[in-house]
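Heads up: the structure comes next, in structure tokens.
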2 protein chains.
Amino acid sequence: MVSIKDIAKHAGVSISTVSYALNGSPKVTPETTSRILAIAKELNYIPNAAARQLKKQESRIIGAFLTDFTGAFYGDLLQGMKEVLNRKGYDLIVCSGLQSHRLLPERMIDGAIILDLTFSDEELLDFADRGHKLVVLDRELNHPAVNEVLLDNKAGANLAMDYLIQNGHRKLYIVTGPKDTFDSRQRMIAVRQTLDRHPEVTAVVLDGDFNKGSGEAAARVIIDAYDGPVGVFCLNDEMAIGLHNYATAQGFRIGEQISVVGFDNIDLTRYLQPQLSTIHYSKHRWGAMASEQLLRLINGESVEHERIYVSLVEGESVSNIIE
Amino acid sequence: MVSIKDIAKHAGVSISTVSYALNGSPKVTPETTSRILAIAKELNYIPNAAARQLKKQESRIIGAFLTDFTGAFYGDLLQGMKEVLNRKGYDLIVCSGLQSHRLLPERMIDGAIILDLTFSDEELLDFADRGHKLVVLDRELNHPAVNEVLLDNKAGANLAMDYLIQNGHRKLYIVTGPKDTFDSRQRMIAVRQTLDRHPEVTAVVLDGDFNKGSGEAAARVIIDAYDGPVGVFCLNDEMAIGLHNYATAQGFRIGEQISVVGFDNIDLTRYLQPQLSTIHYSKHRWGAMASEQLLRLINGESVEHERIYVSLVEGESVSNIIE
DNA sequence: TTGTACGCGTTATCAA
DNA sequence: TTGATAACGCGTACAA
């Protein structure tokens with residue numbers, strides 16, 4: 001491997017001169033600099049990341065940690081993160097799984113964006129105590145080295161519930177997500193608040209897990225008990241799709257007999273007929289904001305927790321049953 | 001930051017003793033070792049990856065490079081890679097974009113798996129010449145430091161074409177992928193071979209780009225010229241879905257008037273009615289195989305190029321028009 | 001422009 | 001045997 005030492009030898013200068021030249025320091029004359037650069041290029045010199053990192057105590061790499069690699073969900077989010085980071089001279093790497101957690105404490109990366117249930121709060125607080133900078137997308141975590149960039153889940157759930165109620169629905173089903181996820185818990189809090197405000201509405205809560213299968217299971221329950229139009233709020237789109245497919249296959253009409261609202265507005269919903277009503281937010285913006293906040297933390301700038309706002313996308317999956 | 005120096009000070013031994021103890025060397029007495037481990041734990045010691053890497057000239061991190069982060073496509077593939085790597089004590093990071101290419105030559109990672117058109121062949125060969133180990137999933141590349149793990153695209157395209165022809169289709173459309181992708185080119189070679197073997201079949205080639213939109217565009221062309229049952233081979237599923245949706249929305253019946261075969265068997269096709277006929281292969285296995293080959297390369301073991309075998313999944317999107 | 005200490009962990013060599 | 005000393009990997013940056 002060719003190092004600055006080799007360049008120094010070829011150029012007949014010291015390694016420090018080479019280093020200065022490569023970094024464009026004015027301490028070296030332009031002639032010497034260009035001569036050194038030419039030699040470096042000729043020798044195919046490429047700096048060693050480990051050596052630079054050891055000295056500078058930074059890698060200019062940011063890690064995004066995901067619970068798993070599945071999910072069409074993440075494309076835009078990661079793209080948003082990457083664009084911001086690249087613009088500021090940072091690289092993004094995506095990691096998943098318990099083993100990869102080490103990258104943070106071992107200082108391989110300068111900071112992390114967490115959307116990963118395999119990290120416990122304690123573990124993250126421990127990293128933060130060590131001085132590592134974090135942005136969390138999947139929990140609330142109070143620590144000066146941690147910034148939250150969270151979805152406005154409550155507003156979204158409110159929008160979804162109000163939409164069903166305003167369309168005349170008095171008999172509702174709620175299909176929940178896993179109890180250990182922040183998003184599901186927050187959405188359920190807002191659901192209960194809405195229900196408290198509307199005593200005329202009856203609601204049945206069905207346990208779900210954010211996967212298609214639990215949407216199908218919910219559809220079975222709803223169909224078994226069917227005796228007139230109902231509204232269903234699935235706490236994410238994937239379950240709404242499962243419900244949609246199962247009910248449709250059983251001859252039920254979504255948007256007439258069963259009104260459905262999802263959450264996330266994932267790409268997949270474009271393939272549904274009728275179009276799914278759902279809660280939208282910009283995943284790209286979410287990722288971009290997470291990166292911006294993380295860079296601010298790293299640069300020692302002041303940061304406040306951020307919220308990503310959501311909106312209702314109306315589709316034909318919800319009918320107005322007020323006559 | 002606490003380093004082995006701090007531990008040595010606390011334990012009253014030299015830093016080398018600490019290092020030996022931490023690495024379980026028999027050169028240190030069990031008592032001393034356990035005492036040192038206790039102190040390390042108490043001080044919350046975590047080794048510095050850059051320092052270890054600088055000395056050992058390895059990071060035990062493997063990079064998977066993807067053209068972009070979109071595509072539900074990659075979940076299983078990456079999972080397959082990760083499982084194999086983790087089992088062997090390696091970590092996987094996922095990278096995308098031109099900037100991240102530097103991770104390889106700068107020796108941040110011990111090897112790379114490439115499914116990324118933003119790398120040119122020349123660039124990869126240059127890396128290989130430098131001694132970096134590569135596995136390519138998206139091209140043929142002959143170099144002792146490069147291993148190919150490729151889909152058996154030709155067999156898949158043959159299966160698809162034969163299936164349509166065996167079901168009586170004599171009027172075919174082929175919707176291609178981008179001309180600069182290996183997969184599309186290989187599939188087209190097999191398509192032409194099949195057509196050469198079947199002079200009784202007429203085929204129209206429509207340019208596509210592997211995205212849903214070009215499937216829709218193809219549907220428009222096919223519908224405009226429609227005068228009886230046709231068979232369509234879309235070189236990937238995403239275009240097949242676009243074609244399917246557009247044609248269905250126009251009142252055409254897939255699996256009756258228009259028979260469709262896709263390629264890839266992506267999860268999304270589960271949402272289609274009727275079920276799409278397509279070419280299946282295990283993405284998980286593809287990823288696992290790529291990792292295994294890369295580790296063999298890194299360990300200096302002999303490797304031969306690998307093929308991932310494919311099979312036909314029959315769905316109702318193809319009808320038999322032989323009466 | 002150059003010599004050199006430094007960042008931190010690993011390991012060969014040498015002394016007790 | 002046990003453990004300490006020092007060289008090493010490579011680039012950076014201060015002092016000279």
Side-chain angles (χ1 to χ4, degrees), chain A residues 1-37 39-40 43-61 89 102-110 130-131, chain B residues 1-37 39-40 43-61 89 102-110 130-131:
Chain A
M1 209 36 16
V2 30
S3 74
I4 52 171
K5 216 179 268 182
D6 302 296
I7 301 176
K9 209 169 292 171
H10 278 257
V13 295
S14 72
I15 57 163
S16 41
T17 303
V18 174
S19 179
Y20 284 129
L22 292 174
N23 291 301
S25 161
K27 306 185 69 159
V28 183
T29 60
E31 300 79 54
T32 315
T33 297
S34 65
R35 193 164 57 85
I36 289 174
L37 288 179
I39 292 172
L43 296 180
N44 263 315
Y45 167 76
I46 295 207
N48 180 307
R52 191 190 323 110
Q53 195 175 328
L54 185 56
K55 179 65 187 178
K56 303 193 67 161
Q57 303 286 47
E58 64 165 26
S59 63
R60 294 192 83 80
I61 296 174
R102 71 176 176 94
L103 298 179
L104 192 59
E106 292 186 1
R107 315 190 74 93
M108 183 106 270
I109 56 182
D110 292 350
R130 293 182 129 85
Chain B
M1 209 36 16
V2 30
S3 75
I4 51 170
K5 215 180 268 181
D6 302 295
I7 301 176
K9 208 169 294 173
H10 278 256
V13 298
S14 74
I15 57 166
S16 52
T17 304
V18 174
S19 179
Y20 284 129
L22 291 174
N23 290 303
S25 161
K27 306 185 65 158
V28 183
T29 58
E31 299 79 53
T32 313
T33 297
S34 64
R35 194 163 58 85
I36 288 173
L37 288 179
I39 292 172
L43 295 180
N44 262 315
Y45 168 76
I46 295 204
N48 180 309
R52 191 189 324 109
Q53 195 176 327
L54 185 56
K55 178 66 186 181
K56 303 193 69 160
Q57 302 286 46
E58 65 165 24
S59 63
R60 296 191 81 81
I61 296 174
R102 71 174 176 94
L103 296 179
L104 192 59
E106 292 188 1
R107 313 190 77 89
M108 183 107 271
I109 55 182
D110 292 350
R130 294 183 127 84

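Naming convention: chains lettered A, B, ... in sequence-line order (proteins, then strands); numbering from 1 in each chain.
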> Could you give the start and end, 5' to 3', of the contact zone on DNA chain D for chain B, using atoms under 4.0 Å from its heavy atoms?
Replying inline: D/dT2 to D/dC10
>> Distance check, rounded to the nearest 0.5 Å: B/S19 atom OG versus B/I15 atom CD1?
In response: 8.0 Å
>> Once you apply a heavy-atom cut-off of 4.0 Å, does B/V13 come out as touching a base, just sugar-phosphate, or nothing?
In response: sugar-phosphate
>> Would you compute the distance between atom CD of A/Q53 and atom CZ of A/R107 and round it to the nearest 0.5 angstrom?
In response: 9.5 Å
> Counting any heavy atom closer than 4.0 Å, what does A/T32 reach on the DNA or RNA strands: base, sugar-phosphate only, or nothing?
Replying inline: sugar-phosphate
> What distance separates A/I46 CD1 from B/R130 CZ, expressed to the nearest 0.5 Å?
Replying inline: 3.5 Å
> If you look at every heavy atom in B/L37 and B/A21, which pair is closest and at what distance?
Replying inline: CD2-O, 4.4 Å
Restricting to nitrogen or oxygen on both sides, can you table the protein-nucleotides 4-6 of chain C pairs closer than 3.5 Å?
{"from": "C/dC6", "atom 1": "O2", "to": "A/K55", "atom 2": "NZ", "distance (Å)": "3.1"}

> When rounded to the nearest 0.5 angstrom, what distance separates CD in B/E106 from OG in B/S59?
Replying inline: 12.5 Å
> How close or far is atom P of C/dG9 from atom CD of B/E58, stated in whole angstroms?
Replying inline: 16 Å
> What does the inter-axis angle of the helix from C/dT1-D/dA16 to C/dA16-D/dT1 come out as, five pairs per end, nearest 10 degrees?
Replying inline: 60°
> Toward the 5' end of DNA chain C, which comes first, B/L54 or B/Y20, by nearest nucleotide?
Replying inline: B/L54
> Of all residues at least two apart in sequence or in a different chain, which pass the side chain to side chain contact (heavy atoms under 4.5 Å, CB included) check with A/A40?
Replying inline: A/I7, A/L22, A/Y45
> Counting any heavy atom closer than 4.0 Å, what does A/Q57 reach on the DNA or RNA strands: base, sugar-phosphate only, or nothing?
Replying inline: sugar-phosphate
> Could you walk me through whether A/V13 and A/R35 pass the side-chain contact (heavy atoms from CB on, under 4.5 Å) check?
Replying inline: CA-CA 11 Å; A/V13 295; A/R35 193 164 57 85; 4.0 Å; yes
> Is there side-chain contact between B/V18 and B/V28, with heavy atoms separated by less than 4.5 Å?
Replying inline: no
>> Checking B/E58 now: which residues fulfil side chain to side chain contact (heavy atoms under 4.5 Å, CB included) with it, not counting sequence neighbours?
In response: B/K56, B/R60, B/D110
> CG of A/N44 to CE of A/M1: how many Å apart, nearest 0.5 Å?
Replying inline: 9.0 Å
>> Please report the distance, rounded to the nearest Å, between CZ in A/R107 and P in C/dG9.
In response: 11 Å
>> Looking at every heavy atom in both B/I61 and B/M108, which two are closest together, and how far apart are they?
In response: CB-O, 4.4 Å
>> Below 4.0 angstrom, which residues in residues 3-12 of chain A have at least one non-hydrogen atom near DNA chain C?
In response: none
> Taking atom CD1 of A/I4 and atom CG of A/L43, what is their separation to the nearest 0.5 Å?
Replying inline: 13.0 Å
>> Under 4.0 Å, counting only non-hydrogen atoms across every strand here, what does A/T29 touch: a base, just sugar-phosphate, or nothing?
In response: sugar-phosphate
> Which whole-number value in Å describes the distance from A/M108 CE to C/dG9 C1'?
Replying inline: 14 Å
> If each of B/N48 and B/K27 is mapped to the nucleotide of DNA chain C with the nearest heavy atom, which maps nearer the 5' terminus, i.e. the 5' end?
Replying inline: B/N48
>> Using a 4.0 Å heavy-atom cut-off, does B/V28 contact any base of the nucleic acid, only the sugar-phosphate backbone, or nothing at all?
In response: sugar-phosphate
> Which heavy-atom pair separates B/D6 from B/S3 by the least distance, and what is that distance?
Replying inline: OD2-N, 2.7 Å
> What closest approach, in Å, do A/L54 and B/A50 show between heavy atoms, and which atom pair accounts for it?
Replying inline: N-CB, 4.0 Å
